[in-house]
Undergrad: 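Here it is, the structure, as structure tokens.
Being a predicted model, the structure only gives us computed values, none of them experimental.
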Amino acid sequence: SQQGEEDPQALSIQEGENATMNCSYKTSINNLQWYRQNSGRGLVHLILIRSNEREKHSGRLRVTLDTSKKSSSLLITASRAADTASYFCATGGGGNKLTFGTGTQLKVEL
Amino acid sequence: GAVVSQHPSRVICKSGTSVKIECRSLDFQATTMFWYRQFPKQSLMLMATSNEGSKATYEQGVEKDKFLINHASLTLSTLTVTSAHPEDSSFYICSASGGGLSADTQYFGPGTRLTVL
């Protein structure tokens, strides 16, 4: 399966700033999900957006999906040091399988 | 809810030995479990999908005789790395879905760091 590309690969911001990560994928999807991974740990599910949705919010997270451009973005507002982690998009094409993107390493500095 | 555990969290073994990693869903019945492999600073690569009571489906390029997967119950799947070599050193992560939870979402274990000397 082909992975999606995430951009940027690494992002460093100051606490309180917003962080935006982008994900592009190649095949048609049923849904797109974002996960967070703290260093050396498992993944935590953040948010799922379905192919017929364009935008979704959850707390400080905002996800957009543009199926015509095969892209999605994750915005974290008012970032905190605890948001430091790697963020992965994952596309679901049916049958429960997920294809993960290359990831963005976010560092939020005090 | 939807907690998945893995054991062990770290394992160091000698080349040529076999290592078994357990993945358990603690508070739900996982009809499907997935095994991933992750190299440092890289993404997760799906190795195989297993459904309870049936044979695992391996992704292209993954040797089924080397990475033995057993999903004998709705709460336990095991991955055995047979005749491990240094190139098998990696971070192995399992995930689970099912049990009335959203079929689209996978719940991940904390991972197992395997080092083969």
Undergrad: B:Gln38 and A:Phe88: which non-hydrogen atoms are nearest, and at how many Å?
TA: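 Answer, listing the atom of B:Gln38 first, then A:Phe88: NE2-CZ, 3.7 Å.
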Undergrad: Can you get from A:Tyr25 to A:Leu74 by hopping between Ile, Leu, Val, Met, Phe, Trp and Tyr side chains that sit under 4.5 Å apart?
TA: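 As far as the 4.5 Å side-chain criterion goes, A:Leu74 and A:Tyr25 are connected within one cluster.
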Undergrad: Inspect the surroundings of CZ in A:Arg60 and state if more than 12 heavy atoms from other residues, nucleotides or ligands are less than 6.0 Å away.
TA: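 Result for CZ/A:Arg60: enclosed.
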Undergrad: Would you say B:Leu79 and B:Met33 are hydrophobically clustered, going by side-chain heavy atoms of ILVMFWY under 4.5 Å?
TA: no
Undergrad: Given that the side chain runs from C-beta out, which part of A:Gln105 has a heavy atom under 4.5 Å from chain B: side chain, backbone, both or neither?
TA: side chain
Undergrad: Is it the side chain or the backbone of A:Leu48 that comes within 4.5 Å of chain B heavy atoms, both, or neither?
TA: side chain
Undergrad: Tell me whether A:Met21 is reachable from A:Leu32 by hopping between hydrophobic residues (I, L, V, M, F, W, Y) whose side-chain heavy atoms are closer than 4.5 Å.
TA: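 Yes, it is one cluster - the side chains of A:Leu32 and A:Met21 are joined through contacts under 4.5 Å.
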Undergrad: If I take atom CD1 from residue B:Ile93 and atom CZ from residue A:Arg41, how far apart are they, to the nearest 0.5 angstrom?
TA: 11.0 Å
Undergrad: Just verifying a value: how many Å separate B:Thr105 OG1 and A:Leu98 CG, rounded to the nearest 0.5 Å?
TA: 8.0 Å
Undergrad: Honestly curious: do B:Met47 and B:Ile69 fall in one hydrophobic cluster under the side-chain, below-4.5 Å linking rule?
TA: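 In one cluster: yes.
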Undergrad: More than 12 non-hydrogen atoms from neighbouring residues, nucleotides or ligands closer than 6.0 Å to CD on A:Glu15, yes or no?
TA: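 It does: A:Glu15 CD has more than 12 such atoms within range.
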Undergrad: Just so I understand: if I count every heavy-atom pair under 4.5 Å between each of B:Gln106, B:Arg113, B:Lys41 and chain A, which residue has the most?
TA: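 Sorted descending by pairs with chain A, the first entry is B:Gln106.
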Undergrad: Say you draw a straight line from OG of B:Ser43 to CD of A:Gln37; how long is it, rounded to the nearest 0.5 Å?
TA: 8.5 Å
